[in-house]
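In listed order, ligands and their atoms are each counted from 1. Predicted model, so just to flag it, every value in this text is computed and none were measured.
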Amino acid sequence: MTTSASWSSAELELLFATTTAPETVAAIIVEPVQGEGGYVVPPPTFMPMLRRICDEHGILLVADEVQSGFARTGKMFAVNHTRVEPDIICVAKALGNGMPIAAIVAGHRVMSAFHAGEHGTTYGDNAVACAAVVAVIDTMTREHIPERAERLGRHVMERARGWQRDIPALADVRGLGMMIGLEFMKGGAPATTLVDRISTNALARGVLLLSCGIDANVIRLIPPLTIPEPELDAGLDILEAAMREEAA
Ligand SMILES: Cc1ncc(COP(=O)(O)O)c(C=O)c1O
């Protein structure tokens, strides 16, 4: 499943012409790699196209990196795979690696829109959670976690692409770093039931899988970035066995 940037650009311009005038749009929010929607990696021209349209109309470009940020895709942020600089980046999840914290990150031009005391949250500025963030960034940098995600992701993709040779229902293997989606199709339709069966089979063997996509026909692989390699391969062995049993 791919979406061409020229198609998306034409759709946006149509939306501006028929539904929502661009001067009424404050921001375009986008996941640089789509998460719940099916682990979709856009073509390299997609983010530059959005940047151009946002600049043309004075719209803020917001990158939601809650899933894709903090080394997941093999770089610190998924936008680092593009030359695009968003106006705002939203981060959470791996930001605190288990400690409850989320943040929006932006340059002075955007942040100066807030005046002192205007933007508060009940649990904002929690010192312990902030200390966890400092430790996460320090560890990720010191232990070269983005590079590890890139290397292990390549290994997972190679194994998964090998399965496609004799499992035709495995229609697409896609991803960036350790954010990988396996899309299942049967007879031209999303194979939701097959994904359910594979998940149940894998669970009985000790591996918990999570699907995504609007038809829940994509198995997402987002192992911990610190996973020992033998454990990663043991998990993939189980997934492969479950797939071969259910999809053969
Ligand atoms: C891409 C993305 N953005 C935002 C959220 C919501 O994050 P939060 O629970 O911090 O509000 C999620 C949650 O899964 C997500 O995957």
Side-chain angles (χ1 to χ4, degrees), residues 1-3 8 12 25-44 46-47 49-51 54 59-82 84-106 110-111 114 119-137 140 145-146 149 153 156 172 174-183 192 195 199 208-227:
M1 184 163 101
T2 55
T3 308
S8 311
L12 260 179
V25 177
I28 291 180
I29 304 173
V30 64
E31 293 176 80
V33 176
Q34 202 177 29
E36 301 307 305
Y39 276 39
V40 180
V41 185
F46 181 72
M47 289 297 291
M49 176 278 292
L50 282 186
R51 182 70 275 177
C54 285
I59 295 170
L60 292 175
L61 179 59
V62 182
D64 178 340
E65 294 246 21
V66 168
Q67 267 194 58
S68 60
F70 285 92
R72 173 56 55 191
T73 66
K75 292 194 186 287
M76 207 56 169
F77 297 101
V79 288
N80 297 145
H81 291 276
T82 74
V84 167
E85 196 173 309
D87 298 297
I88 299 175
I89 300 184
C90 307
V91 287
K93 298 196 194 296
L95 170 70
N97 257 291
M99 293 297 283
I101 184 164
I104 62 162
V105 182
V110 171
M111 293 310 260
F114 290 128
H119 179 65
T121 63
T122 304
Y123 295 114
D125 308 331
N126 181 285
V128 177
C130 290
V133 172
V134 173
V136 165
I137 294 171
M140 283 191 168
I145 298 296
V156 176
D172 195 19
R174 56 182 178 243
L176 260 188
M178 288 269 263
M179 187 168 180
I180 294 167
L182 311 182
E183 180 169 16
T192 310
V195 164
S199 304
L208 183 60
L209 295 171
L210 196 56
S211 65
C212 59
I214 48 174
D215 295 300
N217 66 321
V218 180
I219 291 176
R220 65 174 94 183
L221 302 179
I222 39 163
L225 302 182
T226 50
I227 190 170

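- If you check which protein heavy atom lies closest to atom 1 (C) of ligand 1, you get E31 OE1, 3.1 Å.
- Two residues are said to be in side-chain contact when any heavy atoms from C-beta on lie closer than 4.5 Å; V84 and V79 fail this criterion.
- There is no protein heavy atom less than 4.0 angstrom from atom 8 (P) of ligand 1.
- M179 places a side-chain heavy atom less than 4.5 Å from the side chain of Q67.
- For atom 13 (C) of ligand 1, the nearest protein heavy atom (residue, atom name, distance) is K93 NZ, 3.2 Å.
- Nearest protein heavy-atom contact of atom 6 (C) of ligand 1 is V66 CG1, 4.5 Å.
- Interface of D64 with ligand 1, defined as ligand atoms under 4.0 Å from a residue heavy atom, comprises 1 (C), 2 (C), 3 (N), 4 (C).
- Tested against F70, the residues N97, I137, V133, I145 include a single side-chain contact (heavy atoms from CB on, under 4.5 Å) partner, I137.
- Side-chain atoms of Q34 and D64, non-hydrogen and from C-beta on, never get closer than 4.5 Å to each other.
- Summary of contacts: the protein heavy atom closest to atom 16 (O) of ligand 1 is Q67 NE2, 2.9 Å.
- Using a 4.5 Å cut-off on side-chain heavy atoms (C-beta onward), I219 and L221 make contact.
- I222 places none of its side-chain heavy atoms less than 4.5 Å from the side chain of L210.
- Residue, atom and distance of the protein heavy atom nearest to atom 10 (O) of ligand 1 are A92 CB, 3.9 Å.
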